[in-house]
Amino acid sequence: MHAVKLSDGIVTLSPLRLDDVKAHLAGEDELLVRRLSGGPGTRQGVEAYIRHCLEQWDTAGPLRAFGIRSGAGDTLTGTIDVRFAQKGLAPGQVNIAYGLYPSYRGQGLATRAVHLASRYAASEGAAEAVIRVEPENPGSAAVALRAGFVHRERLRAEDGTWLDWYARGLRDRPFTG
C-alpha cells in the first residue's frame, strides 16, 4: 500500500516515510504547530507519528497521511491527511487536513494537493470531502474555496474551538485546476 503516488506534474503526494522526519522538523513553524499538531515536534514524536501513519497504510486504517512533494527532487513541502473515519463525520465523508511549510505557501501547492487527495478519496469510495478551518485562518479557507469546496456551516468542536466546515461532493463534479 506504500506504493501510492499521486501527481499532477507539479505536486506529488506519496505516503510519509521515515526519511521525511528531518525535513518536517525543519519546516515546522508556529502556524503549523498551533493549527495541526498542538506543540513543537521532536524527532522522537515525528518518527512515532510517521510509524503510526505507515501502520495505517499497512492495515488499511482510516488515516492516509501523505507528504506533499514538489520540485526536482520531490522536496517535502508539507503534509496532507485524508481521514476516512473521524468523530463528527457522516458515513461516506472524509476529512482533509493540510499544512505547508512557510517557504512553500502562496504558490498554489496546497490547492493542488487538495485536488489530488480528493481524487484519491473518491477512488477509495468516499462521497464527500470536508475541510474544517478555524475562522481566523483565511489562507486555509482560501485553499478550500479554490479547490471547489463550499462553506457549509460553522460548528463548535469538542474543545470549544469554532470551525468553519467546507464541503465538496466527490462524485458530482469533475476536478479542475
Side-chain angles (χ1 to χ4, degrees), residues 1-43 45-58 61-84 86 94-124 126 129-134 137-149 166-168 170 175-177:
M1 198 65 153
H2 300 274
V4 174
K5 189 172 184 179
L6 313 166
S7 183
D8 67 0
I10 295 173
V11 166
T12 299
L13 302 185
S14 61
L16 286 171
R17 50 190 189 244
L18 286 170
D19 65 358
D20 289 330
V21 172
K22 185 177 178 181
H24 179 75
L25 288 169
E28 269 191 343
D29 70 343
E30 185 271 330
L31 287 175
L32 282 178
V33 167
R34 182 166 43 91
R35 294 197 168 118
L36 292 180
S37 60
T42 64
R43 180 165 197 81
V46 174
E47 284 178 0
Y49 176 71
I50 291 176
R51 281 189 178 90
H52 169 72
C53 295
L54 294 171
E55 180 181 294
Q56 290 288 293
W57 281 102
D58 286 342
L63 170 64
R64 303 294 189 287
F66 294 95
I68 302 171
R69 304 172 197 285
S70 69
D74 272 348
T75 301
L76 186 68
T77 61
T79 64
I80 188 163
D81 294 349
V82 179
R83 290 189 185 263
F84 288 87
Q86 190 170 2
V94 297
N95 187 76
I96 296 177
Y98 44 86
L100 287 177
Y101 306 134
S103 58
Y104 300 102
R105 294 180 188 143
Q107 301 173 38
L109 302 178
T111 302
R112 289 175 173 278
V114 168
H115 279 296
L116 290 169
S118 296
R119 287 183 190 135
Y120 172 77
S123 76
E124 293 292 308
V130 297
I131 296 174
R132 299 179 294 175
V133 177
E134 292 178 355
N137 186 353
S140 194
V143 168
L145 293 170
R146 281 193 304 271
F149 287 67
Y166 294 83
R168 177 179 180 156
L170 298 178
F175 292 91
T176 59

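Computed from a predicted structure; not experimentally measured. All values below were derived from every heavy atom in this structure, side-chain atoms included, with hydrogens, water molecules and symmetry-related copies excluded. FYI, the numbering just counts along the sequence from 1.
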Revision key, fill the gap. Of all heavy-atom pairs linking Thr77 and Arg69, the shortest is OG1-N, 4.1 Å

Review point. With a 4.5 Å limit on heavy-atom distance, are the side chains of Gln86 and Asp81 in contact?
Key: no

Check your understanding: Rounded to the nearest 0.5 Å, how far does NZ of Lys22 lie from CG of Leu76?
Key -> 13.0 Å

Check your understanding: Say you draw a straight line from CG of Leu16 to NE2 of His52; how long is it, rounded to the nearest 0.5 Å?
Key -> 11.5 Å

Exercise for review: Show your reasoning for whether side chain to side chain contact (heavy atoms under 4.5 Å, CB included) applies to Phe66 and Leu116.
Suggested key: CA-CA 11 Å; Phe66 294 95; Leu116 290 169; over 6 Å; no

Review point. Closest approach of Ser118 and Leu170, non-hydrogen atoms and distance?
Key: CB-CD2, 3.8 Å

**Study point:** Smallest separation among heavy atoms of Val94 and Val82, with atom names
**Key:** CB-CG1, 4.1 Å

**Study point:** Set of side-chain hydrogen bond (donor to acceptor under 3.5 Å, both in side chains) partners for Arg43, sequence neighbours left out
**Key:** Glu47

Point to revise | Student check: side-chain heavy atoms of Ile68 and Leu13 closer than 4.5 Å | key: yes

**Study point:** Atom pair CG/OG1 of Leu109 and Thr12 - distance to nearest 0.5 Å
**Key:** 10.5 Å

Revision key, fill the gap. Of all heavy-atom pairs linking Ala129 and Phe149, the shortest is O-CE2, 3.3 Å

Exercise for review: Could you list the residues that satisfy ring-ring contact (aromatic ring centres under 6.0 Å, His included) with Tyr101, not counting sequence neighbours?
Suggested key: His24

Check your understanding: Looking only at heavy atoms, what is the nearest atom pair of Tyr98 and Ala110, with distance?
Key -> CD1-CB, 4.4 Å

Review point. Arg112 versus Ile10: any side-chain heavy-atom pair under 4.5 Å?
Key: yes

Exercise for review: Drop me the distance from Asp20's CG to Cys53's SG, to the nearest 0.5 angstrom.
Suggested key: 10.5 Å

Check your understanding: Arg168 versus Val114: any side-chain heavy-atom pair under 4.5 Å?
Key -> no

Review point. Can you say whether the rings of Tyr120 and Trp57 are parallel (under 30°), tilted (30 to 60°) or perpendicular (over 60°)?
Key: tilted

Check your understanding: Taking atom CZ of Arg132 and atom CG of Asn137, what is their separation to the nearest 0.5 Å?
Key -> 14.0 Å

Review point. Closest heavy-atom contact between Tyr166 and Ala141?
Key: OH-CB, 3.3 Å

Check your understanding: Out of curiosity, Asp8 CG to Thr111 OG1, how far, rounded to the nearest 0.5 Å?
Key -> 11.0 Å

